[in-house]
Amino acid sequence: MMSLSNIYNNFVKDKNIKSLFDSHSIPIKDYNLINKKYIEILEEYLNTQNLTRDKLMTLTEIPIEEVSLLMAVANDTRENSKGNLISFSKNVFIPLTQLCRDQCSYCTFKIEPGEGPLLVTPEEVLKSTKKAVELGCTELLFVSGDKPERNYDIYREKLKSMGYTSTADYMISMSEICLEENIFPHSNLGIANQSELIRFKNSNPSMGLMLESISERLMDPGMAHYRCPDKYPKARIKTISLAGELNIPWTSGILIGIGENWDERIDSILELNRINNLYGHIQEIIIQNFNPKPGIKMEGHPAPTDLDMIKTVSLSRLIMSNSVNIQVPPNLNSKTYMLHVFSGVNDLGGVSPITIDYVNPESPWPQIDLMKNTISEFGFNLRERLPVYPEYLSADYIEDHILGRAKKFIDKTGFVADN
């Protein structure tokens, strides 16, 4: 095992890293001048691959002058488990309905009846799917508001007139239909029960639900999740755990900068690691940064800083099992995603050549060719994946009829075969 000093010195002498740090005003400190308490903690991590919560909390205090040490260790951990490969998926983003019963203070996704269509119709879903397949997309990202049928009679009646009883019922039906078009659904429904998840598994090779935060404090009046019944941490933990019992490859993660403190941020990541240690089904966690937008309740709330993101990403890499992939959305970090790659990220999520990010419409996707060139300039290899990662492409996790389809798209590495 390489010593911490060697890991650090090799990291900071790389000309690409020096240039990247200079462009973002991140200083590089001589190893011998770095605070000894951070050196001791990170040496312990290298020896044990584990840290107590107290020591993780100490690392949250690391200043920008010394954050390169934390990045060096996170980068070394990523290299040891993932090599120089960075992945992404090519998708079409379909917001099946933007009605939602929650009142999140940071949301621009939600609409009210009359502000737009109640839902995307089956004909529109199929039209977008066929276009996406023509453009080489392999992931169909379904997103909806949380259980709007419980709040909106007009929406519930619309579903009923189409032969559906709930948003889940409709999303499952669309997943089954679109799978036949040779694209792979990845559904983000929100809170789901066991029977719904069992039905989803028959057409979705993977699914997702962000934990966002373990903090119940954020449910209080004036906080980000006030009047959001689907954001109760215990309810989200239950859905993620049910998916684990069913061996559904799962995407989760946290949303940072919405009023949580460092204790809550670390506890959220630790909770995801606890669940994954029980079931092993969390294929990736997303570290998603809050972006203030005009018109939202949190319009004047500050966005997390680059240093916040670097430390959160790096600590997530140290906390999570080596098998777990860590992602930042490149459209929300268009100028900084390479910093996060050097902080432990190995995935850049879904990128669409056909649709906008309906959750963050002000943030366009990067051009795939440009992203590939940037990644390669820093010595990395960008590979396209399916919505389910290569390590989960097995009968242990995916239904046989879906697995058979998936194998037609991949090469021996499990990534999408180059044409």
For [Y], is there an ion pair with [X] - N to carboxylate O distance below 4.0 angstrom?
{"X": "Glu271", "Y": "Arg265", "result": "no"}
{"X": "Asp153", "Y": "Arg156", "result": "yes"}
{"X": "Arg405", "Y": "Glu399", "result": "no"}
{"X": "Arg236", "Y": "Asp230", "result": "no"}

Quick one: are [X] and [Y] in side-chain contact, heavy atoms under 4.5 Å?
{"X": "Leu59", "Y": "Lys311", "answer": "no"}
{"X": "Val416", "Y": "Arg383", "answer": "no"}
{"X": "Ile286", "Y": "Ser252", "answer": "no"}
{"X": "His186", "Y": "Val143", "answer": "no"}
{"X": "Ile275", "Y": "His281", "answer": "yes"}
{"X": "Phe88", "Y": "Gln327", "answer": "no"}
{"X": "Asn273", "Y": "Asn277", "answer": "yes"}

May I ask you to establish whether Arg385 and Tyr389 are in a cation-pi arrangement, using a distance under 6.0 Å from NZ or CZ to the six-membered ring centre and at most 45° from the ring axis?
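Yes; both conditions hold, so Arg385 lies above the ring face of Tyr389.
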So does [Y] get a backbone contact from the side chain of [X], meaning a donor-acceptor N/O pair under 3.5 Å?
{"X": "Asn333", "Y": "Pro329", "value": "yes"}
{"X": "Glu157", "Y": "Ile154", "value": "no"}
{"X": "Glu124", "Y": "Thr121", "value": "yes"}
{"X": "Lys158", "Y": "Leu119", "value": "no"}
{"X": "Thr97", "Y": "Leu99", "value": "yes"}
{"X": "Gln283", "Y": "Pro387", "value": "yes"}
{"X": "Glu299", "Y": "Gly295", "value": "yes"}
{"X": "Glu260", "Y": "Gly257", "value": "yes"}
{"X": "Thr58", "Y": "Asp54", "value": "yes"}
{"X": "Lys293", "Y": "Asn291", "value": "yes"}

Please walk me through it: do His225 and Glu212 pass side chain to side chain donor-acceptor pair (under 3.5 Å)?
CA-CA 10 Å; His225 287 157; Glu212 293 199 10; 2.9 Å; yes
Could you check whether the rings of Tyr106 and Phe290 sit parallel, tilted or perpendicular, using 30° and 60° as the cut-offs?
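Taking Phe290 first and then Tyr106, their aromatic rings stand perpendicular (interplane angle over 60°).
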Apply salt bridge (Lys or Arg N to Asp or Glu O under 4.0 Å) to residues Asp220 and Arg217 and explain how you reach the verdict.
CA-CA 6 Å; Asp220 293 343; Arg217 184 179 61 86; over 6 Å; no
Would you compute the distance between atom [atom1] of [X] and atom [atom2] of [Y] and round it to the nearest 0.5 angstrom?
{"X": "Ser213", "Y": "Asp267", "atom1": "OG", "atom2": "CG", "result": "9.0 Å"}
{"X": "Ile296", "Y": "Lys110", "atom1": "CD1", "atom2": "NZ", "result": "14.0 Å"}
{"X": "Cys137", "Y": "Asn91", "atom1": "SG", "atom2": "CG", "result": "6.5 Å"}
{"X": "Leu96", "Y": "Leu141", "atom1": "CG", "atom2": "CG", "result": "11.0 Å"}
{"X": "Leu270", "Y": "Ile319", "atom1": "CG", "atom2": "CD1", "result": "4.5 Å"}
{"X": "Asn261", "Y": "Ser215", "atom1": "CG", "atom2": "OG", "result": "7.0 Å"}

Counting heavy atoms not belonging to [X], are there more than 12 under 6.0 Å from its [atom1]?
{"X": "Lys297", "atom1": "NZ", "value": "yes"}
{"X": "Lys127", "atom1": "NZ", "value": "no"}
{"X": "Asn47", "atom1": "CG", "value": "yes"}

Working for side-chain contact (heavy atoms from CB on, under 4.5 Å), residues Leu159 and Thr165:
CA-CA 6 Å; Leu159 286 176; Thr165 59; over 6 Å; no
Minimum heavy-atom separation for [X] to [Y], with atom names?
{"X": "Asp14", "Y": "Asn16", "result": "OD1-N, 2.8 Å"}
{"X": "Ile402", "Y": "Asn204", "result": "CD1-N, 3.9 Å"}
{"X": "Asn75", "Y": "Val341", "result": "OD1-O, 4.0 Å"}
{"X": "Ser268", "Y": "Ile254", "result": "CB-CG2, 3.7 Å"}
{"X": "Glu391", "Y": "Ser323", "result": "OE2-O, 3.5 Å"}
{"X": "Ser352", "Y": "Val92", "result": "OG-CA, 3.9 Å"}

Sub-6.0 Å ring centroid separation between Phe93 and Phe142
no
Would Asn84 and Asn381 satisfy side chain to side chain donor-acceptor pair (under 3.5 Å), going step by step from the backbone distance to the final call?
CA-CA 6 Å; Asn84 74 336; Asn381 182 22; 5.4 Å; no
Residues in side chain to side chain donor-acceptor pair (under 3.5 Å) contact with Ser173, at least two apart in sequence or another chain:
Tyr164
Under the criterion salt bridge (Lys or Arg N to Asp or Glu O under 4.0 Å), I'd like the reasoning laid out for Lys231 against Asp146: C-alpha separation, chi angles, the key distance, then a yes or no.
CA-CA 9 Å; Lys231 296 303 171 87; Asp146 282 292; 5.0 Å; no
Pair Asn373, Asp369 - check side chain to side chain donor-acceptor pair (under 3.5 Å), show working.
CA-CA 6 Å; Asn373 289 339; Asp369 287 344; over 6 Å; no
Decide side-chain contact (heavy atoms from CB on, under 4.5 Å) for Asp102 and Phe109; before the verdict, give the C-alpha distance in whole Å, the side-chain angles of both, and the deciding distance to 0.1 Å.
CA-CA 11 Å; Asp102 293 334; Phe109 179 80; over 6 Å; no
Between Asp169 and Arg199, does a salt bridge (Lys or Arg N to Asp or Glu O under 4.0 Å) hold up when you go through it step by step?
CA-CA 9 Å; Asp169 194 28; Arg199 292 177 63 204; 2.8 Å; yes
Looking at Phe380, Tyr337, Phe21, which one forms a ring-ring contact (aromatic ring centres under 6.0 Å, His included) with Phe342?
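Only one option passes, and that is Phe380.
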Check Leu246, Asn193, Ile248, Leu242 against Ile198 for a side chain to side chain contact (heavy atoms under 4.5 Å, CB included) and give me the one that passes.
Leu246
Does the side-chain contact (heavy atoms from CB on, under 4.5 Å) test come out yes or no for Thr251 and Ile282, once each step is laid out?
CA-CA 6 Å; Thr251 292; Ile282 297 180; over 6 Å; no
Before you tell me yes or no, could you show the steps for Trp250 and Ile240 under side-chain contact (heavy atoms from CB on, under 4.5 Å), namely the whole-Å CA-CA distance, both residues' side-chain angles and the distance that decides it to 0.1 Å?
CA-CA 8 Å; Trp250 203 260; Ile240 299 168; 3.6 Å; yes
